[in-house]
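Here the structure comes first, spelled out in structure tokens, and everything after it is commentary.
Side chains included, hydrogens not; waters and symmetry mates left out as well; all remaining heavy atoms used. Counting begins at 1 with the first residue of the sequence. Counting starts at 1 for both ligands and their atoms, in listed order.
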Amino acid sequence: MSEHVPSEQLSVEHLLGIKELSADDIELIFRTADGFKEVLNRPIKKVPSLRDITIANLFFESSTRTRVSFELAEKRLSADVVNFSSSGSSVSKGETLVDTVNNILAMKVDMVVMRHPDPGAGVFLSRHVDARIVNAGDGTHEHPTQALLDAYSIREKLGRVKGVKVLIVGDILHSRVALSNIFCLQKLGAEVMLCGPRTLMPRYINTLGVRVEPDLDKALKWCDVANMLRIQLERQGGDGVANFPSLREYAMRYGLDLERYRRLGKEIVIMHPGPINRGVEVTSEVADHANSIILDQVENGVAIRMAVLYLLAARIPRTGV
Ligand code: CP
């Protein structure tokens, strides 16, 4: 089992979404990530915490940041890692999700990190297989580790999350990042405002307890932090931009360029979950601006994922040696 057992535990056995976490769970993940961040700045960036744990990374949808970040987190914790992607696998021969995962688990896997295009895929899996499940993004539903690393990065930059005014801009309708961020920020006491085309706002928006401001300049004036979401071209349907007239018009109304930023007359923190469509959600000058924490988000992702895996591994039932 783990070399180091945490003194405190999460209230959940799987990380399926932020909705199921308490504020105490999130604070515990942050405190644990603080320790791992210190490890990641050492010359030897590795600890033996998950030395006899095996983790399968199952990616049924494309990913760069999340996939590399989880694999690095697992290796920094000394876990054994197996990677699976649906392309080139027996999924293309008609094998079901449960059969695929049970076959992998038969090889004695303890934890599964899964990205899947279907909302609820992680919940489904947690009910049918005997392993800890970490949701690495399920369709348009949740992306919990992204929200955790986003809130952690705000805490690092501003020293707190409580009371911070966070604006989330863009494709809210298709965004698992938006939903997880809303839940996470609200649990930590931040104020949340959304801005974007009406056609990219979900119908249930009024149930989320957030403000909605259609005018980006007014919304930017209000906020301390602007999280500029990626336009999910692959989920728009039709010609790819069916929910707004053109990418050019989107960029004019909802994109952040240097001129718009300077017009604000105040400093705000700029975030983006990646991958960036440069020139659409933000221009290169804004993405690379001194107040952009986009690469800090990526860096913090490793420490956050180490914390999540470490805390969930402590919840794996153990038989005596
Ligand atoms: N932010 C994020 O989930 O990026 P990837 O799709 O590259 O993993």
Side-chain angles (χ1 to χ4, degrees), residues 15-19 29 33 55-76 81 83-87 112-122 133-154 156-157 166-185 196 200 225-236 240 256 269-278 280-282 286-288 292-309:
L15 180 60
L16 303 173
I18 297 291
K19 199 170 188 179
I29 293 168
I55 304 177
N57 298 315
L58 311 188
F59 278 73
F60 294 87
E61 208 183 48
S62 55
S63 167
T64 301
R65 276 144 292 274
T66 312
R67 185 182 183 132
V68 172
S69 182
F70 265 113
E71 188 172 345
L72 208 51
E74 292 152 4
K75 288 181 171 167
R76 299 288 192 230
V81 179
N83 290 309
F84 165 95
S85 66
S86 51
S87 62
V112 172
V113 173
M114 184 172 75
R115 170 166 290 191
H116 199 280
D118 295 338
I133 309 297
V134 182
N135 177 8
D138 59 333
T140 56
H141 179 223
E142 280 226 40
H143 191 350
T145 55
Q146 179 70 44
L148 290 166
L149 72 88
D150 287 344
Y152 184 81
S153 301
I154 293 171
E156 183 179 71
K157 180 76 177 171
V166 182
L167 172 66
I168 303 176
V169 181
D171 187 357
I172 314 295
L173 180 67
H174 300 106
S175 179
R176 53 196 174 209
V177 176
L179 196 58
S180 287
N181 259 270
I182 292 166
F183 292 147
C184 190
L185 292 165
L200 289 177
V225 176
N227 193 350
M228 309 300 293
L229 297 182
R230 179 174 77 87
I231 284 290
Q232 310 226 348
L233 292 170
E234 73 279 18
R235 296 191 213 276
Q236 304 294 326
L256 186 53
V269 177
I270 300 150
M271 302 177 71
H272 192 299
I276 303 173
N277 295 308
R278 282 183 185 247
V280 180
E281 302 99 20
V282 289
V286 169
D288 305 330
S292 159
I293 59 166
I294 294 171
L295 290 180
D296 301 286
Q297 292 172 256
V298 177
E299 183 184 334
N300 287 332
V302 179
I304 282 288
R305 289 175 175 121
M306 285 173 82
V308 166
L309 294 166

| Pairs involving residues 136-152, ordered by first then second residue, that meet salt bridge (Lys or Arg N to Asp or Glu O under 4.0 Å) (sequence neighbours left out) | none
| message | Side chains of Asn57 and Glu74 only: does a donor on one sit below 3.5 Å from an acceptor on the other? | response | yes
| said: Are Asp288 and Arg278 packed together at the side-chain level, in the sense that at least one heavy-atom pair is separated by less than 4.5 angstrom? | reply: yes
| task | For His174, enumerate each residue passing the ring-ring contact (aromatic ring centres under 6.0 Å, His included) test, keeping only those at least two apart in sequence or located in another chain. | result | none
| remark: Across all chains, not counting sequence neighbours, the side chain to side chain donor-acceptor pair (under 3.5 Å) partners of Arg176 are Glu61
Quick one: ligand 1 N/O to protein N/O pairs below 3.5 Å?
from	atom 1	to	atom 2	distance (Å)
ligand 1	1 (N)	Gln146	OE1	3.0
ligand 1	1 (N)	Pro273	O	2.9
ligand 1	1 (N)	Gly274	O	3.4
ligand 1	3 (O)	Thr66	OG1	3.0
ligand 1	3 (O)	Arg115	NH2	3.0
ligand 1	3 (O)	His143	NE2	2.9
ligand 1	4 (O)	Arg65	NE	3.1
ligand 1	6 (O)	Arg115	NH1	2.8
ligand 1	7 (O)	Thr64	N	2.8
ligand 1	7 (O)	Arg65	N	3.0
ligand 1	7 (O)	Arg65	NE	3.2
ligand 1	7 (O)	Arg65	NH2	2.9
ligand 1	8 (O)	Ser63	OG	2.6
ligand 1	8 (O)	Thr66	N	3.0
ligand 1	8 (O)	Thr66	OG1	2.6
ligand 1	8 (O)	Arg115	NH1	3.4
ligand 1	8 (O)	Arg115	NH2	3.4

| message | Check this for me, if you would: do Lys75 and Glu71 make a salt bridge, where the nitrogen-to-carboxylate-oxygen distance has to be below 4.0 angstrom? | response | yes
